[in-house]
Amino acid sequence: MTKILEVKEIDIKNTSVFNFIEILNSKWLIKKYYDEIPNVEVEYFTEKEENKILQTEEYINLSKLIDKTF
């Protein structure tokens, strides 16, 4: 994420004013979002819990939907 925010050069010759403004706004929005992300605790599941989740109807339906879509 920080690599996106480090872009300093934009080739103005090949960029319209509208696109240039849009790029600046995008960088601002991305930075604002990135700065406001709360610290999240990572939760790990045990193998038993993970197997239980993998066998739920919701997970099976989601997996089928993803496979069908992609």
Side-chain angles (χ1 to χ4, degrees):
M1 176 58 83
T2 56
K3 290 281 184 200
I4 293 171
L5 301 176
E6 291 175 4
V7 175
K8 302 258 189 259
E9 296 179 18
I10 299 172
D11 186 5
I12 296 177
K13 295 175 194 169
N14 296 325
T15 305
S16 69
V17 174
F18 176 78
N19 286 340
F20 182 75
I21 292 171
E22 197 169 307
I23 290 167
L24 292 177
N25 284 336
S26 298
K27 285 181 69 174
W28 174 79
L29 287 172
I30 291 169
K31 180 166 179 17
K32 184 172 188 228
Y33 175 78
Y34 183 72
D35 290 342
E36 291 180 2
I37 294 176
N39 291 334
V40 178
E41 266 187 54
V42 178
E43 182 179 351
Y44 295 98
F45 297 105
T46 65
E47 191 172 335
K48 185 178 179 182
E49 291 172 322
E50 186 175 347
N51 286 332
K52 190 176 179 181
I53 291 169
L54 294 176
Q55 294 173 4
T56 62
E57 186 179 339
E58 292 86 0
Y59 181 82
I60 293 169
N61 289 339
L62 177 63
S63 182
K64 286 179 183 177
L65 178 66
I66 291 170
D67 290 341
K68 187 174 149 182
T69 305
F70 299 104

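As a basis for the values below, the full set of heavy atoms in this structure was taken, side chains included, without hydrogen atoms, waters or symmetry mates. We're numbering straight along the sequence, starting at 1.
Rounded to the nearest 0.5 angstrom, E50 CD and I53 CD1 are separated by 7.0 Å.
Nearest approach of T46 to E49, heavy atoms of both residues: N-OE1, 2.9 Å.
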Determine all donor-acceptor pairs shorter than 3.5 Å in which one atom belongs to a side chain in residues 57-70; sequence neighbours excluded.
unit_1: N61; atom_1: ND2; unit_2: E57; atom_2: O; d: 3.3
unit_1: T69; atom_1: OG1; unit_2: L65; atom_2: O; d: 2.7

